[in-house]
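Here's the structure, in structure tokens; my notes come after.
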Amino acid sequence: MIDAASAKRLAERLAAARLSGTRISDMPPLDLATGWRIQAELARLLEPSLGLQCGWKLGATNAGAMAFLGVDQPIVGRLFADRVWHDSISPEIAASAGLEAEPEVILRLGADLRPTSAWLGIELNRPSFDDPFALGAGAIVADNAASYGLLCQHELATGALDRPEAIEAILLVDGQEQCRGSASAVLDGPLSALEALRTLLADDPRGLQPGDFVATGAMCRSEVLAPGAVPTVELGRARVGSEGKGV
């Protein structure tokens, strides 16, 4: 456990790294509680540049990923309003170095904190460390779980969330398939992931709020992007209907 002054300094360094894309080479390993405390301070520092927090992301949403990180539950990061895109990302974003892409089901919550909209999309991540996994889950959490932003591409009918095994994502980079996976691989589906997030945030002062976006977890492996590479996601077994709704 580090003291409050040291935690604040780490949050300031992480904010600078997250905004510039530079890497931190001397990050200490952290326990999860300290990582969470630093993440909260990091969010406060990022909001003036990235917009207000507008939701949450889940990471380590399968047994293999949790075992690899040495945790017994998913990890959580925060999403920001200016880093949620629809349909495509700009050339300037694509040119950013160090981005990683993973296909996810993205939810948006209504007044009752249940999904009112859903998309098949991409979470973009950018770690602030050369080897984040060597530092452990606490440091990754402190780094906002590496989250860079969200791309919402294919709208899904919310009823499709009841059959996660029928939602298949195909991740492409510059039109070439990289991996594919099912939404059922993520904590048994997006709705289960949302319930897990609700539990994880039970004691958080902000928690879930109406209008929040929720990135429910990677459906297949993360793909490191070369600068300028353009990631997209396609629907597999779940097709897009004439009104843009998944069926």
Side-chain angles (χ1 to χ4, degrees), residues 1 7 30-44 46-47 52-81 84 102-121 123 125 132-133 136-147 150 152 156 158-165 167 169 181-220 222:
M1 181 73 69
L30 303 169
D31 61 78
L32 279 173
T34 302
W36 187 247
R37 183 158 51 97
I38 292 172
Q39 186 190 118
E41 175 66 12
L42 173 65
R44 185 186 68 80
L46 291 177
E47 282 188 327
L52 295 178
Q53 183 181 344
C54 66
W56 303 89
K57 66 156 283 184
L58 283 158
T61 49
N62 61 65
M66 284 185 241
F68 184 72
L69 283 180
V71 296
D72 59 5
Q73 60 189 15
I75 61 173
V76 178
R78 299 164 199 253
L79 305 172
F80 298 93
V84 177
E102 52 193 39
E104 307 204 5
V105 172
I106 300 163
L107 310 177
R108 194 162 197 193
L109 307 184
D112 60 354
L113 302 183
R114 308 298 304 173
T116 57
S117 303
W119 295 267
L120 187 65
E123 185 191 7
N125 292 313
F133 298 116
I140 294 172
V141 167
D143 190 33
N144 197 38
S147 184
L150 287 184
C152 303
L156 301 169
T158 55
L161 301 174
D162 293 323
R163 298 181 60 242
E165 70 282 356
I167 303 174
S182 166
S184 62
V186 178
L187 293 177
D188 297 323
L191 295 179
S192 296
L194 176 60
E195 291 312 305
L197 178 62
R198 207 183 301 278
T199 299
L200 290 167
L201 296 178
D203 297 324
D204 184 77
R206 183 191 183 280
L208 291 170
Q209 295 185 9
D212 272 357
F213 290 88
V214 176
T216 56
M219 297 165 65
C220 65
S222 181

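- Other residues, nucleotides and ligands contribute more than 12 heavy atoms inside 6.0 Å of the CG atom of Asp112.
- With values rounded to the nearest 0.5 angstrom, Leu58 atom CG is found 7.0 Å from Leu187 atom CG.
- Residues Val71 and Ala137 share a closest heavy-atom pair of CG1-CB, 3.5 Å.
- Arg44 CZ to Leu42 CG: the interatomic distance, rounded to the nearest 0.5 Å, is 10.0 Å.
- With sequence neighbours excluded, the residues that form a side-chain contact (heavy atoms from CB on, under 4.5 Å) with Arg198 are Leu113, Arg114, Leu194, Glu195, Leu208.
- Considering only heavy atoms from C-beta on, Gln73 comes within 4.5 Å of Leu200 through its side chain.
- With rounding to the nearest 0.5 Å, the separation of CD in Gln53 from CG in Leu79 is 7.5 Å.
- Judged purely by distance below 3.5 Å, without hydrogens or angles, the side chains of Thr34 and Asp31 pair a donor atom with an acceptor atom.
- Partners of Glu102 by salt bridge (Lys or Arg N to Asp or Glu O under 4.0 Å), not counting sequence neighbours: none found.
- Between the SG atom of Cys54 and the CG atom of Leu150 there is a distance of 7.5 Å, given to the nearest 0.5 Å.
- Nearest heavy-atom pair, Pro74 versus Thr61, reported as atom, atom and distance to 0.1 Å: CB-CG2, 4.3 Å.
- Considering all non-hydrogen atoms of both residues, Ala193 and Val186 come closest at CB-CG1, 4.3 Å.
- Taking all atoms of both residues into account, the shortest heavy-atom contact from Asn125 to Ser147 is OD1-CA, 3.4 Å.
- The shortest distance between side-chain heavy atoms of Thr199 and Leu197 does not fall below 4.5 Å.
- A cation-pi arrangement is found for Arg78 relative to Trp36, the charged atom lying closer than 6.0 Å to the ring centre and inside a 45° cone about the ring normal.
- Counting only heavy atoms from C-beta outward, the side chains of Arg206 and Trp56 approach each other to under 4.5 Å.
- For the pairing with Gln39, the side-chain contact (heavy atoms from CB on, under 4.5 Å) check across Ile75, Val141, Ile140 returns one residue only, Val141.
- By the 4.5 Å heavy-atom criterion applied to side chains, Val76 and Lys57 are not counted as neighbours.
- Between atom CD1 of residue Ile38 and atom CG of residue Asp143 there is a gap of 10.5 Å, rounded to the nearest 0.5 Å.
- Evaluation of the disulfide (SG to SG under 2.5 Å) rule for Cys220 yields Cys179 as partners, not counting sequence neighbours.
- For the atom pair Trp119 CH2 and Glu104 CD, the distance stands at 14.0 Å (nearest 0.5 Å).
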